[in-house]
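Just so it is clear, the structure is predicted and the values come from calculations on it, not from any experiment.
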Number of protein chains: 2
Amino acid sequence: MTTNYLAKYRSVIIYGVSLAALLFLLKWLEWRFIIVDYAFEIYAGFVAVIFTGLGIWLALKLSKPKTITVEKQVFINAGEFLLDKSQLNKLGMSNRELEVLQLMAQGLSNQQIAEKLFVSLNTIKTHSSKVFEKLEVQRRTQAIEKGKRLSLIP
Amino acid sequence: MTTNYLAKYRSVIIYGVSLAALLFLLKWLEWRFIIVDYAFEIYAGFVAVIFTGLGIWLALKLSKPKTITVEKQVFINAGEFLLDKSQLNKLGMSNRELEVLQLMAQGLSNQQIAEKLFVSLNTIKTHSSKVFEKLEVQRRTQAIEKGKRLSLIP
DNA sequence: ATCAAAATCACCCTAAAGTATGACGGAAAA
DNA sequence: TTTTCCGTCATACTTTAGGGTGATTTTGAT
């Protein structure tokens, strides 16, 4: 708490101390040059310079920094695809079924999918039928469309 | 040019003029208070206050504003779809063919497309065949996949 | 060990999709 | 004006997709 208070008004305190120090300095100068007649102008100039500097320093320390906020637009790459696993559970979609759906979306025929997965055509037909059931669609094109909407496929 | 130069160094010029004015003021004060013995401290304090204020004013005028750059994340709206017309020309795709392709991508059957466009099923078959030719594919699922890749459909 | 999915496959049948070919009217380009 | 392309439609045929039913094996969880 105390340190915080000190830190907050540090500049003001320093200013006060500086003023005190300067007072002593001035008194000393006064005493020294009191003998010399032409010391008056020098003294005034000295004071002017010192306090101008002090004012500048004070202003820079205490004034809130003038800030210009520039908004820099950072474009986020929205291309990332993340599979919606909660959706998978909700639909009760199995791994294999999802796999078949993905290959369907790539434009493969049932025959090609069968070859790719090393299973028979009939197996793929069974899988795709289940996919259609679970997605509540009739055709593979609809399945693809809905699969994309539900973030099951990119 | 000249006005620009003046504008740029306006603060400095004003400062100079102010200094000159103050010099006159000081001279006058000197002359006035030279009689009074205790005028010295008053004079010094006056100078100190004036020049502190001047320093503060100078600093505030001349200090460069700090520029803070804030990165603002802008999520690019991935929904923006722009049809690639140059691609259409390159492929020699007609309006009707593109229309059929779009409806295919929405999961419609040939029959449904025919009904939607008020033409016969055979007409749609002809169109889709030409679409497949031009896209160099065999199946509608492939056509959809390639159509999306080529920005023909969203 | 048991039970429930998941994955596999088969057969049959229908519907939809795709290929090939030809035809015709209209509009735009040559 | 002729040619070319678009859009339309038809017929015939082949291939692929999809629905229904049933069966076996594998796998994971209780």
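Over its length, the helix from C:dA1-D:dT30 to C:dA30-D:dT1 turns its helix axis by 60°, as judged from the five terminal pairs at each end, rounded to 10°.
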Please write out each protein N/O paired with an N/O of nucleotides 26-30 of chain C under 3.5 Å, distance rounded to 0.1 Å.
none

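Counting to the nearest Å, the P atom of D:dA17 and the CD1 atom of A:I144 are 11 Å from each other. The separation between B:L88 atom CG and D:dC5 atom P is 18 Å, rounded to whole Å.
For A:A105, the side chain to side chain contact (heavy atoms under 4.5 Å, CB included) criterion is met by A:I144, A:I153, not counting sequence neighbours. Remark: B:D84 pairs with B:S86 by the side chain to side chain donor-acceptor pair (under 3.5 Å) rule, at least two apart or across chains. Listed by chain and number, the residues in a side chain to side chain donor-acceptor pair (under 3.5 Å) with B:T126 amount to none (sequence neighbours excluded). Applying the side chain to side chain donor-acceptor pair (under 3.5 Å) criterion to A:S120, with sequence neighbours excluded, gives A:T123.
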Using the rule given for side chain to side chain contact (heavy atoms under 4.5 Å, CB included), can you reason through A:I124 versus A:L103, listing the C-alpha separation, both sets of side-chain angles and the distance that settles it, and then say yes or no? CA-CA 11 Å; A:I124 299 305; A:L103 294 173; over 6 Å; no
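A side-chain donor-acceptor contact under 3.5 Å links A:Q142 to the backbone of A:Q138.
At least one side-chain heavy atom of B:L150 sits less than 4.5 Å from a side-chain heavy atom of B:L91. The closest side-chain heavy-atom distance from A:S109 to B:R139 is below 4.5 Å. Looking only at side-chain heavy atoms (C-beta outward), B:S151 and B:Q87 stay at 4.5 Å or farther from each other. With contacts defined as side-chain heavy-atom distances shorter than 4.5 Å, the pair A:L135/A:L152 qualifies.
Within the structure, salt bridge (Lys or Arg N to Asp or Glu O under 4.0 Å) contacts touching residues 87-104 of chain B (residues at least two apart or in different chains) are B:R96-B:E99, B:E97-B:K134. Within the structure, no pair that satisfies the salt bridge (Lys or Arg N to Asp or Glu O under 4.0 Å) test touches residues 105-129 of chain A, not counting sequence neighbours. The salt bridge (Lys or Arg N to Asp or Glu O under 4.0 Å) contacts involving residues 145-154 of chain A comprise A:E145-A:R149, where partners must be two or more places apart or lie in separate chains.
Of the side-chain N and O atoms in A:S94, none sit less than 4.0 angstrom from OP1 or OP2 of C:dA5.
For the contact set between residues 97-117 of chain A and DNA chain C, defined by any heavy atom under 4.0 Å, there are no members. Of the residues in residues 118-141 of chain B, B:V119, B:S120, B:N122, B:T123, B:T126, B:H127, B:R139 come within less than 4.0 Å of DNA chain D through at least one heavy atom, sorted by number.
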